[in-house]
Amino acid sequence: MDNKKLAGLLFPNIDKTPEYYEEKYPERGLEKGAMVTRLAPSPTGFIHLGNLFGAVVDERLASQSGGVFILRIEDTDAKREVEGAVELTISTMKHFGIEFTEGATSEGETGEYGPYRQRQRKDIYQAFAKYLVEQGKAYPCFCTEQDLEDIREQQKEAKIDFGYYGEWAKHRDMPLEEIEKNLAEGKEYVLRFRSEGKKDNYVKVLDGIRGEIEVPENIQDVVILKSDGIPTYHFAHAIDDHLMRVTHVVRAEEWLSTLPIHVQLFDALGFDKPLYCHTAQLMKVDNGNKRKLSKRKDPELGLDYYRQEGYTVDAVWEYLLTILNSNYEAWRDKNPDADRREFKFTTDKMTKSGTLFDIMKLNNISKDVIAKMTAEQVYEGLSGWAKEYDEGFHDVISRAEDKTIKILNMGRNAKKPRKDIVTWSQCKEFIKYFYNEYFEVLDEYPGIPQDKIKKILTEYIDTYNHADEKNDWFEKVKVITESAGYTTNTKEYKEDPEKFGGSIIEVTTIIRIALTGKANAPDIWEIQQILGKEDTMKRMQDALNKL
RNA sequence: GGCCCUAUGGUCAAGCGGUUAAGACAUCGCCCUUUCACGGCGGUAACGGGGGUUCGAUUCCCCCUAGGGUCACCA
């Protein structure tokens with residue numbers, strides 16, 4: 001077989017050689033230890049929490065080592081591409097605090113190792129493909145989809161491994177004349193890699209997360225160029241990550257099974273392999289079973305969900321770092337106020353088993369993050385969220401900015417600040433009773449008899465003085481409590497509930513519900529001060545009227 | 001089904017041959033408290049099973065089991 005001739009036949013217009021590209025994209029000459037990572041999403045229009053999960057690893061590794069973080073668009077599958085997906089990816093990543101130092105941008109791209117959109121790299125791939133053909137390491141395969149299906153059927157029946165390999169690789173040794181004839185007839189073909197792998201041979205690969213792993217050699221003659229001349233993932237990965245001089249390939253565990261193909265390709269092309277870091281999958285419980293997060297089934301795991309709910313970027317990062325690096329949480333405990341970038345992120349502290357996504361933990365972290373913010377910062381966050389997702393609410397708080405900041409400041413400056421707020425949307429639910437636009441009278445007072453409620457509310461209204469200091473106000477509440485036959489001593493009440501029928505808790509609960517429409521709200525006196533005399537009295541009166 | 005990965009409480013997880021098997025979230029109880037919270041203290045709760053190796057295995061090896069992943073001209 002004249003491989004040179006075949007290569008010329010297959011790629012008549014490719015005149016560049018691998019050497020040319022090696023020179024064009026030289027070693028980066030970064031400082032020792034600097035890592036080059038990349039995020040390589042395909043533009044399908046759906047950005048998953050898993051994408052962020054991996055991106056955080058890439059970003060930390062590159063950033064803390066003074067390296068490079070590339071955004072490369074894997075758009076080799078035109079069928080699945082969604083318009084505007086690249087922009088969406090970039091803007092979403094940016095929103096979540098992921099910034100790239102090189103690669104695709106919304107306007108074009110930046111960096112010397114481009115193009116960064118794979119479809120624009122067609123000539124590069126073909127130059128290397130041509131080289132492989134010349135070496136006799138790749139060949140055209142004219143099998144139709146039907147042919148492949150038939151092979152699969154037979155293999156299924158014979159209960160042997162599926163795929164295009166060994167005796168099943170029908171076109172592996174097609175004579176040059178026949179290839180020429182097929183080509184002349186305009187038959188479509190794909191380019192396959194000629195595997196010399198043996199099923200029983202194993203290769204050792206060092207994984208940054210898993211340590212040394214052993215994988216069997218690949219025996220399949222995988223497709224490296226599709227019939228449109230565009231590479232498959234495997235081939236593009238080898239060429240791109242080598243030419244872009246990527247040092248660490250961080251990708252999900254699901255790629256582990258194709259690792260043998262990649263090892264084989266790198267070796268055949270004479271490339272040094274990057275350090276692979278196969279991350280554990282983010283999982284979810286479904287019907288009592290763990291399973292991989294899926295874009296199809298789990299829309300709530302899409303990144304825009306967190307944006308919509310109003311999770312802070314900091315909270316998401318804290319959570320992700322917590323599940324990503326097992327020693328992050330302990331570090332955070334010791335350094336509660338340190339910038340997270342001061343934490344030294346390492347791949348060997350990453351978990352190997354699939355992590356169940358735990359919204360409770362995220363919520364807990366989120367509360368802590370917001371509890372540490374100033375009222376002004378909280379206002380900024382809330383307002384920014386509302387502007388995008390709840391215009392009506394945005395109008396309301398904008399008109400009452402000072403009041404809103406006062407509200408958000410309640411219980412915030414204590415040594416042990418309150419932790420009421422999880423997300424911005426939940427924050428709205430928590431404070432909206434302050435605004436008459438949203439306030440609703442609640443006429444349910446759990447377990448308290450009507451006449452008592454009436455009596456307590458009436459007395460409260462009669463004795464209320466907005467100018468009272470907190471202590472004076474409270475003394476009056478005590479008087480009302482006793483006048484209702486309840487006790488002001490909650491301990492005493494707990495010891496013998498029958499004796500009093502109720503305690504000061506009942507009284508404050510009634511006042512709180514009348515005032516806020518909720519059983520869970522901060523300090524009553526403070527709420528009244530913010531609400532003002534008029535609204536306070538009106539709400540009390542309305543509550544009484546509603547009985 | 002073949003191949004690969006994984007395996008400590010409900011969840012996330014320390015541990016890397018000898019420990020009373022950490023910690024966090026969740027949960028429960030108590031305390032603090034004028035309410036709601038915050039907080040403090042404490043409780044319940046784990047090494048999947050079977051073989052080895054060893055004086056000694058949660059830890060190392062093998063098998064089983066379970067869960068997950070993957071077997072495309074998708075990435």
Side-chain angles (χ1 to χ4, degrees), chain A residues 40-44 74-77 79-80 118 141 143-145 148 152 155-156 159-164 188-192 199 207 210 213-216 220 222-228 230-234 236-237 251-260 278 280-281 283 285 289-292 319 322-323 326-327 329-330 332-333 351-365 367 371 410-411 414-420 470-471 473-475 477-478 481 488-491 503-513 516 518-525 527:
Chain A
S42 48
T44 55
E74 309 235 317
D75 56 359
T76 55
D77 186 10
K79 291 189 291 291
R80 297 202 311 162
Q118 290 182 328
C141 165
C143 283
T144 62
E145 264 181 60
L148 296 174
R152 204 189 145 83
Q155 290 168 333
K156 214 170 177 179
K159 290 188 175 161
I160 52 177
D161 289 349
F162 306 140
Y164 201 86
E188 286 212 330
Y189 68 92
V190 298
L191 198 71
R192 286 186 185 271
K199 199 180 172 184
D207 184 285
R210 288 154 203 276
I213 47 181
E214 223 175 5
V215 293
Q220 303 268 349
V222 293
V223 174
I224 56 176
L225 288 187
K226 301 187 254 186
S227 56
D228 56 2
I230 298 287
T232 55
Y233 170 88
H234 312 300
H237 152 56
R251 40 142 79 150
E253 188 179 14
E254 64 196 84
W255 292 106
L256 225 35
S257 56
T258 47
L259 185 57
H278 289 97
Q281 301 270 16
M283 314 289 276
V285 172
N289 288 126
K290 265 188 175 187
R291 71 164 164 74
K292 170 185 163 186
Y319 176 65
T322 301
I323 60 176
S326 58
N327 50 346
E329 204 170 8
R332 177 49 85 200
D333 249 11
T351 182
K352 292 190 268 279
S353 49
T355 298
L356 218 48
F357 181 76
D358 185 358
I359 196 93
M360 297 293 250
K361 185 89 177 184
L362 205 210
N363 287 163
N364 178 271
I365 288 172
K367 280 185 187 173
M410 282 191 298
K415 332 99 241 152
K416 306 282 184 190
R418 297 181 64 97
K419 294 185 181 179
D420 296 308
K470 193 170 175 180
N471 281 340
W473 166 80
F474 178 59
E475 285 307 316
V477 174
K478 275 185 177 170
T481 302
T488 56
N489 186 332
T490 52
K491 218 180 226 168
S503 73
I504 195 161
I505 294 177
E506 271 68 28
V507 179
T508 51
T509 300
I510 291 168
I511 299 170
R512 166 170 287 108
I513 289 178
T516 69
K518 314 167 41 163
N520 174 356
D523 185 85
I524 294 171
W525 184 81
I527 293 173

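Naming convention: chains lettered A, B, ... in sequence-line order (proteins, then strands); numbering from 1 in each chain.
A/Met283 has its CE atom 7 Å from the P atom of B/G68, to the nearest Å. Straight-line distance from the CG atom of A/Leu356 to the C1' atom of B/G9: 14 Å, rounded to whole Å. The distance between atom CZ of A/Phe357 and atom P of B/C25, rounded to the nearest whole Å, is 17 Å. Rounded to an integer number of Å, the gap from CG of A/Asp161 to P of B/A72 is 11 Å. Counting to the nearest Å, the P atom of B/G39 and the NZ atom of A/Lys416 are 8 Å from each other. The interatomic distance linking A/Ile524 (CD1) with B/U33 (P) rounds to 18 Å, in whole Å. Remark: P of B/G69 and CH2 of A/Trp255 are 15 Å apart, rounded to the nearest angstrom. Rounded to whole Å, the distance from CD on A/Gln220 to C1' on B/C3 is 11 Å.
Of the listed nucleotides (B/A75, B/A72, B/A24), B/A24 has the atom at the smallest distance from the side chain of A/Glu329. You'll find that the side chain of A/Phe474 is closest to B/U34, out of B/A37, B/U34, B/A72. Considering only the side chain of A/Asn364, B/C25 comes nearest among B/C25, B/C36, B/C12. Taking only side-chain atoms of A/Thr232, from C-beta outward, the nucleotide of B/U11, B/C73, B/C32 with the closest atom is B/C73.
OP1 and OP2 of B/U33 both lie 4.0 Å or more from every side-chain N or O belonging to A/Lys491. Residue A/Ser42 places no side-chain N or O under 4.0 Å from the OP1 or OP2 atom of B/C74. Considering only side-chain N and O atoms, A/Thr355 lies under 4.0 angstrom from the phosphate OP1 or OP2 of B/A13. The phosphate of B/G10 (OP1 or OP2) has no side-chain N or O of A/Lys361 nearer than 4.0 angstrom.
In this structure, B/A26 forms no base pair with any nucleotide, since neither Watson-Crick nor G-U wobble geometry is met with both distances under 3.5 Å. Of all nucleotides present, none satisfies the Watson-Crick or G-U wobble test against B/A75 with each distance under 3.5 Å. Both distances falling under 3.5 Å, in either a Watson-Crick or a G-U wobble arrangement, occur for no nucleotide opposite B/U53. Base pairing analysis places B/A37 opposite nothing; no Watson-Crick or G-U wobble pair with both distances below 3.5 Å involves it. Figure legend. B/A13 is base-paired to no nucleotide; pairs are counted as Watson-Crick or G-U wobble with both atom distances under 3.5 Å. Base pairing analysis places B/U59 opposite nothing; no Watson-Crick or G-U wobble pair with both distances below 3.5 Å involves it. Remark: B/C3 base-pairs with B/G69. Criterion, Watson-Crick or G-U wobble with two distances under 3.5 Å. The base-pairing partner of B/A46, taking Watson-Crick or G-U wobble contacts with both distances under 3.5 Å, does not exist among the strands shown.
Environment of CD in A/Glu188: sparse, with no more than 12 heavy atoms of neighbouring residues, nucleotides or ligands closer than 6.0 Å. Heavy-atom neighbours of A/Glu145 CD from other residues, nucleotides or ligands within 6.0 Å: at or below the threshold of 12.
A/Arg251 comes within 4.0 angstrom of nothing in the nucleic acid, heavy atoms only. Here A/Asp523 lies in heavy-atom contact (under 4.0 Å) with a base. A/Thr481 comes within 4.0 angstrom of nothing in the nucleic acid, heavy atoms only. A/Pro522 comes within 4.0 angstrom of a base, heavy atoms only. Within 4.0 Å (heavy atoms only), A/Thr516 reaches no atom of the nucleic acid at all. When heavy atoms are screened at a 4.0 angstrom cut-off, A/Val190 is found touching base atoms of the nucleic acid. A/Glu254 comes within contact range of at least one nucleobase, with a heavy-atom separation under 4.0 Å.
Nucleotide B/C38 is shown with a syn base, its glycosidic torsion being within 90° of 0.
Judged by distance alone, the side chain of A/Tyr319 and the main-chain N or O of A/Asp358 form a donor-acceptor pair under 3.5 Å. With hydrogens and angles disregarded, no donor-acceptor distance shorter than 3.5 Å links the side chain of A/Thr76 to the backbone of A/Ile230.
A salt bridge does not link A/Arg332 to A/Glu329: none of the charged side-chain nitrogens sits closer than 4.0 Å to a carboxylate oxygen. Of the charged side-chain nitrogens involved, at least one lies within less than 4.0 Å of a carboxylate oxygen, so that A/Glu253 and A/Arg210 count as a salt-bridged pair.
Judged by atom type and distance alone, A/Arg210 does not reach the base of B/C5 through any side-chain donor-acceptor pair under 3.5 Å. Contact annotation: side chain of A/Ser227 to base of B/C73, donor-acceptor pair present below 3.5 Å.
Using C1' as the reference atom, B/G9 and B/C71 are 36 Å apart when rounded to the nearest Å. Remark: the separation of the C1' atoms in B/G17 and B/C61 is 14 Å, to the nearest Å. Between B/G42 and B/G68, the distance separating the two P atoms is 39 Å to the nearest Å.
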